[in-house]
There are 2 protein chains.
Amino acid sequence: MSLLKSWVDSANSAATPFPLNNLPYGVFSTAKVDGHCGVAIGDMILDVTALEEAGVISIDEIPVFDLPMWNEFMDLGAEVWAEFRTSLQELLGEGAPEELRKTLKAYLVAQADATMHLPFAVSEYTDFYAGKNHAFNVGTMFRGPENALPPNWLHIPIGYNGRASSVVVSGTDVRRPWGQLKAPDAEMPSFAPCKRFDLELEMGAIVGQPSEGPITVGEADQNIFGYVLLNDWSARDIQAWEYQPLGPFQAKATATTISPWIVTAAALEPFRTSTPAREKELLPYLAEPKPGLYDIELEVTLAPEGKAETTITRTNYSQMYYSAAQQLAHHTTSGCAMTVGDLLGSGTISGPTKPERGSLLELSWGGKEPLTLDTGDERSFLADGDTLTLKGAAKGDGYQIGFGDCAGTVLPALDDPYKR
Amino acid sequence: MSLLKSWVDSANSAATPFPLNNLPYGVFSTAKVDGHCGVAIGDMILDVTALEEAGVISIDEIPVFDLPMWNEFMDLGAEVWAEFRTSLQELLGEGAPEELRKTLKAYLVAQADATMHLPFAVSEYTDFYAGKNHAFNVGTMFRGPENALPPNWLHIPIGYNGRASSVVVSGTDVRRPWGQLKAPDAEMPSFAPCKRFDLELEMGAIVGQPSEGPITVGEADQNIFGYVLLNDWSARDIQAWEYQPLGPFQAKATATTISPWIVTAAALEPFRTSTPAREKELLPYLAEPKPGLYDIELEVTLAPEGKAETTITRTNYSQMYYSAAQQLAHHTTSGCAMTVGDLLGSGTISGPTKPERGSLLELSWGGKEPLTLDTGDERSFLADGDTLTLKGAAKGDGYQIGFGDCAGTVLPALDDPYKR
């Protein structure tokens with residue numbers, strides 16, 4: 001696969017995250033429109049809500065882009081997804097007739113003039129723990145390398161239900177939380193601002209079709225509409241005290257930042273890659289009918305307030321041990337109904353070496369080995385004012401499928417969370 | 001407080017769960033109407049959707065009962081809740097003028113002719129673990145009595161996020177799930193139907209007002225709109241293998257049954273009672289400004305297929321260690337946004353003695369001491385065809401505030417969950 005040419009010039013560069021091959025879906029506002037559905041092309045956005053209102057485009061003669069979310073579109077199913085993508089590639093491709101281009105130009109908005117919103121209404125949010133290097137690193141810190149992986153880890157894509165209301169779009173500031181903490185040597189817990197605030201570099205898979213009973217990995221793969229970058233902000237000190245025996249709760253509920261563009265599974269198709277060889281054979285219900293991961297290069301930068309950013313990690317989504325399709329299939333085994341707009345966090349993505357680790361917990365080895373940034377600043381965990389940015393792209397031949405930044409700045413904790 | 005008299009005769013019995021003092025909110029269908037909001041009074045339902053459509057009642061001149069859920073009403077806030085309750089008590093009270101009664105009679109539907117639906121759209125579902133006897137029993141089985149309670153248990157209302165899509169209304173059949181299991185002595189896990197399917201007797205608190213940052217226990221108490229009975233169906237064998245380290249996931253995702261009527265906090269107000277004396281002083285953010293529990297008598301019956309029911313447990317909501325208000329306040333500490341329609345499960349409610357235990361896991365002590373039912377049948381866990389019914393009522397002077405049954409029948413597992 002190579003670059004597909006568009007008549008939107010900025011879409012034809014090898015550097016743009018949004019060539020005609022990509023066409024990710026978002027929701028935006030400008031000075032003129034409020035909460036429209038749009039498609040990124042080069043440095044522009046095609047306003048599909050306005051196009052639908054004007055009758056230039058139409059899907060099944062029903063309003064699909066009348067709400068500021070892509071849920072209605074997802075609801076229509078894989079056939080419509082494919083047809084719409086094909087028609088967008090015709091509309092925006094270099095072969096589009098001059099008359100059509102002229103019409104469409106009126107519906108192109110500069111990304112620089114737009115504010116992005118959550119691209120879909122998050123129905124429910126599940127977060128997994130499916131990166132083996134991450135699970136091994138965290139397990140080693142807490143239990144030693146011999147017992148690092150829990151006994152079930154090689155058999156189950158371990159996950160827990162997160163909080164959908166925590167999901168925010170890139171650019172949303174994140175307030176350092178208060179919480180109940182207890183130092184290992186303290187007699188009693190205290191209620192205090194989090195001191196070990198961290199990121200988790202993840203991908204989020206978006207469920208685009210509902211299911212009622214158990215579904216296979218193959219069916220699950222077809223139900224996944226697309227992907228976003230995801231930062232699962234984590235309060236490590238709150239987590240350490242609260243998580244036994246029922247798992248993380250408030251430690252993960254402050255915020256979950258996602259990138260603003262849904263990159264479709266269709267756009268990522270050329271970049272499929274398999275999950276790794278297995279130490280233990282998977283049960284048949286988790287077997288992969290085709291490669292379920294994608295070769296997506298990922299990095300995270302950290303910029304202290306008013307200073308330049310440092311890349312603190314570089315890794316790849318292909319490092320995961322379980323694919324989103326395997327996770328979704330496992331999610332349905334109990335008969336659990338899945339809904340359009342469900343978001344599945346991959347789990348922290350860490351590569352095998354130190355500069356590939358996807359959390360500060362791992363990068364600073366629990367705070368014992370602080371990181372030195374290019375600015376000279378040291379970090380074990382996040383400081384107030386830090387801006388974290390997740391970046392990701394699948395790299396093709398002379399083009400890339402980019403995600404757009406997934407960024408957030410840490411605000412200081414409130415002086416008194418109960419003062420209003 | 002004593003019985004408030006209604007002109008609906010069946011509401012004036014000491015035995016009715018739905019006297020004028022109660023007035024719980026539900027959603028029903030009959031042969032004539034589909035998904036209307038209704039208020040239970042005696043053995044009848046007042047159809048408030050039809051009343052609003054006809055212009056007989058009106059709240060703020062906007063449609064509030066046009067959707068088959070009470071979320072829109074909850075959204076309006078505590079002042080409207082109180083005003084509406086007062087006006088219902090006037091409309092249905094014995095002092096209502098004859099002309100009005102005649103009008104309203106046309107909007108009364110027999111409960112016997114109605115099918116009940118979920119009374120509200122569940123935004124997100126959180127399940128707690130706040131019954132001390134339950135936590136102690138389960139902890140003793142797994143870790144011995146010395147280490148029964150986790151170290152954080154006396155300080156935190158431990159909870160985990162559940163799956164909102166699992167919530168179904170009373171009367172919905174529940175299919176025994178398949179899942180990944182591993183016997184302690186087995187080399188490898190298997191994928192098989194659950195053999196240790198169980199109930200958990202709980203109350204559910206419904207969040208009726210949104211919040212953005214941390215809120216106090218007093219504020220949380222005011223944000224709780226009402227309560228339902230809740231059965232947190234649990235697959236113990238799936239849970240045992242999956243729950244470390246991130247908590248229960250598929251073991252709790254098959255179904256969560258709630259009773260069909262939202263009993264308002266206002267109706268329960270006379271039955272407030274305090275949480276118990278504390279072994280460890282609570283942190284100030286969890287202190288109770290007023291009694292946060294309610295004196296609600298609870299029982300569970302089990303009826304094998306085609307046989308009579310046996311009461312397998314009797315206990316009281318006042319056995320909880322943390323109130324729903326304390327749980328909700330804790331839920332917001334991280335800044336977690338709460339939404340109208342969030343459902344908080346109390347955790348399993350077990351009293352101190354054996355016949356007061358709220359799960360078969362406890363009643364049969366992990367399967368070691370099977371229960372003998374009145375029919376002579378033995379149960380360690382649930383058998384296919386078993387119907388479980390949770391019942392609850394706050395008992396006043398010559399009246400009761402009842403919840404309506406919370407029932408479900410266990411269907412056999414599918415032969416092959418992937419056969420379609």
Side-chain angles (χ1 to χ4, degrees), chain A residues 123-127 129 150-152 155-156 158-166 175 177-180 182 188-191 194 213-216 235 238 241-255 280-281 283-285 330-331 333-339 342 414 417-418, chain B residues 123-127 129 150-152 155-156 158-166 175 177-180 182 188-191 194 213-216 235 238 241-255 280-281 283-285 330-331 333-339 342 414 417-418:
Chain A
S123 299
E124 300 198 54
Y125 166 48
T126 308
D127 194 28
Y129 183 62
N152 52 16
H155 304 281
I156 303 181
I158 294 288
Y160 67 99
N161 299 296
R163 181 82 193 167
S165 71
S166 75
R175 175 79 62 188
W178 285 67
Q180 196 177 129
K182 186 176 158 299
M188 290 278 287
S190 62
F191 189 67
C194 167
I215 61 174
T216 64
I238 297 172
W241 174 231
E242 78 173 357
Y243 94 105
Q244 287 285 14
L246 299 187
F249 183 50
Q250 288 305 286
K252 303 280 197 168
T254 301
K280 306 266 187 186
E281 197 182 351
L283 285 166
Y285 84 94
H330 178 71
H331 208 319
T333 47
S334 66
C336 179
M338 302 302 294
T339 312
D342 282 342
L414 296 168
Y418 298 104
Chain B
S123 299
E124 300 198 54
Y125 166 47
T126 309
D127 194 29
Y129 184 61
N152 52 16
H155 304 281
I156 302 180
I158 294 288
Y160 67 98
N161 299 297
R163 181 80 194 169
S165 71
S166 75
R175 175 77 64 189
W178 284 67
Q180 197 177 130
K182 187 178 156 299
M188 289 280 287
S190 62
F191 188 67
C194 167
I215 61 174
T216 65
I238 297 173
W241 173 232
E242 79 174 359
Y243 93 105
Q244 286 284 17
L246 299 186
F249 183 50
Q250 287 306 286
K252 303 280 196 167
T254 301
K280 306 269 187 184
E281 197 181 353
L283 285 166
Y285 84 93
H330 179 70
H331 208 319
T333 47
S334 65
C336 179
M338 302 303 293
T339 311
D342 283 341
L414 296 169
Y418 298 103

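A, B, ... follow the sequence lines: proteins, then strands. Residue 1 opens every chain. All values derive from a computational prediction rather than experimental measurement.
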So which of B:Gly162, B:Pro248, B:Pro417, B:Pro177 has the largest heavy-atom pair count under 4.5 angstrom toward chain A? B:Gly162
So, the part of B:Thr126 with a heavy atom under 4.5 Å from chain A: the answer is side chain
For the interface with chain B, which of A:Thr339, A:Ile238, A:Asp342 has the highest count of heavy-atom pairs at distances below 4.5 Å? A:Asp342
Of all of B:Ser123, B:Pro151, B:Gly179, which one pairs up most often with chain A through heavy atoms under 4.5 Å apart? B:Pro151
Using a cut-off of under 4.5 Å for heavy-atom pairs, which of A:Gly213, A:Cys336, A:Ala255, A:Cys194 has the most such pairs with chain B? A:Cys336
For each of B:Ala251, B:Gly335, B:Ala235, B:Pro245, tally heavy-atom pairs with chain A at distances under 4.5 Å, and name the one with the top tally. B:Pro245
Per-residue contact mode, A:Pro150 against chain B (heavy atom under 4.5 angstrom): side chain
Output the distance between atom CG (A:Leu246) and atom NZ (B:Lys252), rounded to the nearest 0.5 Å. 8.0 Å
Chain A contact via B:Asp127 - which portion, at a heavy-atom distance below 4.5 Å: neither
Let's test your reading of the structure: which of A:Lys280, A:Lys182, A:His330 forms the most heavy-atom pairs below 4.5 Å with chain B? A:His330
Apply side-chain hydrogen bond (donor to acceptor under 3.5 Å, both in side chains) to B:Thr216 and list each qualifying residue two or more places apart in sequence or on a separate chain. B:Glu219
Answer with side chain, backbone, both or neither: which region of B:Ser166 has an atom nearer than 4.5 Å to a non-hydrogen atom of chain A? neither
Out of A:Phe191, A:Trp178, A:Tyr160, A:Tyr243, which one racks up the most heavy-atom pairs below 4.5 Å with chain B? A:Phe191
Would you mind checking which part of B:Arg175 comes under 4.5 Å of any heavy atom in chain A, side chain (CB onward), backbone (N, CA, C, O), both or neither? neither
Report yes or no: does B:Glu124 contribute a side-chain atom to a donor-acceptor pair with the main-chain N or O of A:Ala164 at less than 3.5 Å? yes
Closest contact, heavy atoms only, B:Gln244 versus A:Ile158: O-CD1, 4.2 Å
Can you tell me which portion of B:Pro214 sits under 4.5 Å from chain A's heavy atoms? Options are side chain, backbone, both or neither. both
Decide yes or no on side-chain contact (heavy atoms from CB on, under 4.5 Å) for A:Tyr285 and B:Gln180, but give the supporting numbers first. CA-CA 10 Å; A:Tyr285 84 94; B:Gln180 197 177 130; 2.8 Å; yes
Drop me the distance from B:His155's NE2 to A:Met188's CE, to the nearest 0.5 angstrom. 5.0 Å
In this structure, CD of A:Glu242 is separated from OG of B:Ser334 (nearest 0.5 Å) by 8.5 Å
Between B:Phe249 and A:Ile156, does the side-chain contact (heavy atoms from CB on, under 4.5 Å) criterion hold? Intermediate values first, please. CA-CA 11 Å; B:Phe249 183 50; A:Ile156 303 181; over 6 Å; no
